[in-house]
Amino acid sequence: MKFNIPLKTFLLGGLASQITEARPKEPYTELYRPQFHFSPQKNWINDPNGLVYEDGTYHLYYQYNPGGATWGALSWGHATSKDLTHWTEQPVALLARGFPDNVTEMFFSGSIVVDEENTSGFGRQGRAPWVAIYTSFYPMEQTLPSGKHVREGQQAQSIAYSLDQGLTWTTYDESNPVIPEPPAPYQDQYLEFRDPNIFWHQQTKQWVALVVVSKIHKVLIYNSRDLKHWSLASEFGPVNAIGGVWECPSVFPLPLDGGKSTKWVMLLSLNPGGPPGTVGSGGQYIIGDFNGTTFTPDLDSIHERSAPEGSVIFQGFEGTESYADRGWVATGDFIGVSPSVGTLAGQNPVTGFLGKQLVNTFLNGDSSTGTLISPAFDISHKYINFLVGGGSNLNKTAIRLKVDGNVVRDAAGSNSEHLTWQSWDVSSFQNRSAVIEIIDNATEGWGHISVDEISFSNSAAKNEEANWLDWGPDFYAALGFNGLPPNQHTIISWMSNWQYGGVIPTDPWRGAYTVPRHLSLKTIGQKARLVQEPAGSWKAITRGGKTSTFSLVDGVRNLGQIGKAIEINLVFSDREPSPTGDSEFGIIVRATKDLSQQTRVGYDFATQRVFIDRTRSGDISFDDTFASIYSAPLSPSSDGTVALRIFVDWSSVEVFGGEGETTITAQIFPSSNATYGQLFSIGGKTENINLHTKEIRSTWR
Ligand code: FRU
């Protein structure tokens, strides 16, 4: 076997002999410093990378800027743990090439495998190499040591290896990048091609890599025998949530219902376009099967985008006829025009429409204006449903319903190229004659509208777009550990959001990870669902523990000072919602004595949703969208109770609802005297409340 001679190695401080378990010198007591979540001593982090378990040690690599607390000079930081709870920061594993003065290559997200059989040939003297695959981001055009030429801003997949169990790494400069660009017909997507995830597929005895072509919502699946040569096997997507770019794909097997069968689960991050009610980043999962080359989703894991069953399609804009030929009156720039085929030149991809064609008024860019008026029709059903995207200004880019010449309903996009369903309840206009009008009189700044699938139905169309991994705003780039058996699959996510991740008020670090979460699949309500539970040595870091059982009539119960880092287990009976007004039960955490600061975690009996309300959670000033309420569906369990397990830290709240089928994760920035707690019951009596709180000790001291 031939050995490759690296042109450049990143040896930081020489070949370190062993991974140390020294505690950090810093006390980790700054305001907002996570006490039982990983955060670096200083500087910026985003996605977790290369999670791998080997020889009793969990390795966490991550997107890291060695030069400061904002995104830049992306390198791979490294931390290790024996128990997923106590972490030790290690030397930087892959330092941005040319750092600090002339960065020519950054190391974006990726993954690591232990190459036990030395398929790569990087091994020496019987030592199994660890191989990392990552996205090389090249800020400038250049010819690489391998002789390959890359363009400015190109993203390509490269590898590196380690012969000392992940401490120091050698980039494979002889040949990098090993996947230089996206295949035909996606070559023009070389600026958005990233986040390789690799694993060994035992049944077919080969390596598998997933890479996303982010903007067009495609996962490319590659195979390899040696981790160096990759061939494209299949592609997957777009499906379900596509409201932003796709990032950080992965796929892995998980036992269903305790091991009766095994299913494969794909994770995808997307930004923006996270769960309803959030702004910015989020994650989704899709359950299916994987045979080493192809991922086949389960039908009930894919959300149909079609109109509700029994709909009458009024206009789907398919086919080549012009608007006029279909009986529509076109004015302005739309005269003589036909519906558009997907994306028009110079525009970001339009997504979420059905079939091949749609109305898209981005003709001569935003500058085109005009109107499209449908033929008259009689209102025959309760709802008119349609897909709409583009500009949000109702006066400029809108779809309208006119009855007797008056506008009675209107709708617009939300400054996004993604079309979503909107519905008009038109029951009060039954049997009246109407027309639909699409207007565009804007010439710049989201000065266009997209419309598709105008249809009549007796039910409103729903935007059930995804299986959300977590319903909160701060759960991104989830990644699982390689090296663990399927029944121990554990993920870690970046506990932040691209919307405000760069301006959160922490210093001298920025960014933290969620508690590691063990994943499994359970059939709940006749559907396989992903279930999460916190992983780690909780017993070692929790102390005290008070349990009490009681009822609470409309009102509050003060809990006094419950602390800043706490685990709360709260179980209570479901109840009939009050016929008038709100019906909620929950707990206030991280409150100041006067409650001017508080974070509410509760359950709404009317909507059967669990929520985190961080509108008064402390410092909310750094981003307009931060002060919000996030909610997620959670059915009571079969015994009629609702269970919430809540982890509160100095700057975060994570809620695990039910058996863990619903989670919500949110950052909060309360002041240091926000240590009080209170229970609340609104709109009725909550019974059989069982409250158990435990203090969580710092893992850093
Ligand atoms: C996701 C991401 C990845 C990329 C990395 C760069 O958060 O945008 O797609 O590899 O961050 O830091």
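Start at 1 and go down the list; that is how both ligands and their atoms are numbered. Here the structure is a predicted model, which means the values were calculated and not measured.
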Option among Trp509, Phe669, Phe622, Trp650 that satisfies the ring-ring contact (aromatic ring centres under 6.0 Å, His included) test with Tyr32: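 Among Trp509, Phe669, Phe622, Trp650, the one meeting ring-ring contact (aromatic ring centres under 6.0 Å, His included) with Tyr32 is Phe669.
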Can you tell me which residue and heavy atom of the protein come closest to atom 12 (O) of ligand 1, and the distance to 0.1 Å?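 Of every protein heavy atom, Gln63 OE1, 2.7 Å lies nearest to atom 12 (O) of ligand 1.
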Give me the nearest non-hydrogen protein atom to atom 8 (O) of ligand 1 as residue plus atom name, then the distance to 0.1 Å.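 Nearest protein contact, heavy atoms only, for atom 8 (O) of ligand 1 is Glu247 OE2, 3.0 Å.
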Does ligand 1 have a heavy atom under 4.0 Å from the side chain of Trp71, from its backbone, from both, or from neither?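 Side chain only.
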Short side-chain donor-acceptor distance under 3.5 Å, [Y] and [X]:
X: Trp207; Y: Thr119; value: yes
X: His78; Y: His59; value: yes
X: Thr143; Y: His149; value: yes
X: Asp47; Y: Ser109; value: yes
X: Thr665; Y: Asp474; value: no
X: Asn49; Y: Gln63; value: yes
X: Ser301; Y: Asn467; value: yes

Taking only heavy atoms of [X], which atoms of ligand 1 are found under 4.0 Å from at least one of them?
X: Asp47; answer: 1 (C), 2 (C), 3 (C), 5 (C), 7 (O), 11 (O)
X: Trp498; answer: 1 (C), 7 (O), 11 (O)
X: Asp195; answer: 3 (C), 4 (C), 9 (O), 10 (O)
X: Ser109; answer: 5 (C), 10 (O)
X: Asn46; answer: 5 (C), 6 (C), 7 (O), 11 (O), 12 (O)

Quick check: Tyr476 and ligand 1, any N/O pair under 3.5 Å apart?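 Min N/O separation from ligand 1 is not below 3.5 Å for Tyr476.
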Consider every N or O of Trp494 and every N or O of ligand 1, then say whether any pair is closer than 3.5 Å.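 No, since none of the N or O atoms of Trp494 sits under 3.5 Å from an N or O of ligand 1.
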Against ligand 1, does Leu74 come closer than 4.0 Å with any heavy atom?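 Contact check Leu74 vs ligand 1: positive.
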